[in-house]
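These notes are about the structure you will find just below.
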Amino acid sequence: MSESTTDFMHPDRDRVISFVRDEAGRIGFNVLARIEPLEFEGLQKVYWRKIHRSEFHPDADSAFAAARELFAWVDSRWRDSLQV
């Protein structure tokens, strides 16, 4: 179970990376991809599918470095606002 999360959205708004802190204080991240909106009775609902779950890292710097290594779209400027 995570204590807190910080989310960042891909510029195309089709992916989200969510950094989480576990009870032991380690930080990991999940990447979600948007599934095309479904329309039902005139209402649209967007669904997200988890496409990656990282291992937990001892600190925010190492977790963020791992995310940048795997996903080029993770913006280095986001590190300053990563609060988990």
Pairwise distance CZ(Arg34) to OH(Tyr47) - rounded to 0.5 angstrom: 14.0 Å

pair Ile17-Trp73: side-chain heavy atoms closer than 4.5 Å: yes

Which side-chain N or O atoms in residues 62-69 pair as donor and acceptor under 3.5 Å with protein atoms at least two apart or in another chain?
{"from": "Ser62", "atom 1": "OG", "to": "Asp59", "atom 2": "O", "distance (Å)": "3.1"}
{"from": "Ser62", "atom 1": "OG", "to": "Asp59", "atom 2": "OD1", "distance (Å)": "2.9"}
{"from": "Arg68", "atom 1": "NH1", "to": "Val74", "atom 2": "O", "distance (Å)": "2.4"}

side-chain hydrogen bond (donor to acceptor under 3.5 Å, both in side chains) against Arg79, all qualifying residues, sequence neighbours excluded: Asp61

Set of residues satisfying salt bridge (Lys or Arg N to Asp or Glu O under 4.0 Å) with respect to Arg77, sequence neighbours excluded: Asp75

Residues that Arg26 engages under salt bridge (Lys or Arg N to Asp or Glu O under 4.0 Å), provided they are two or more places apart: Asp22

All side-chain hydrogen bond (donor to acceptor under 3.5 Å, both in side chains) counterparts of Ser18, not counting sequence neighbours: Asp7

His10 vs Phe71, ring pair (Phe, Tyr, Trp, His ring centres under 6.0 Å): CA-CA, chis, key distance, verdict: CA-CA 10 Å; His10 185 279; Phe71 302 101; over 10 Å; no

His52 side chain reached by Asn30 side chain, heavy atoms, under 4.5 Å: no

4.5 Å side-chain heavy-atom contact, Phe8 and Leu82: yes

Val20 vs Phe29 side-chain heavy atoms within contact, under 4.5 Å: no

For Leu32, the rest of its hydrophobic cluster, which grows through side-chain links under 4.5 angstrom: Met9, Val16, Val46, Trp48

Nearest-0.5 Å distance, OG1 of residue Thr6 to CD1 of residue Ile27: 8.5 Å

Ile35 CD1 to Lys45 NZ distance, which is reported to the nearest 0.5 Å: 12.0 Å

Smallest separation among heavy atoms of Ser54 and Gly28, with atom names: OG-CA, 3.4 Å

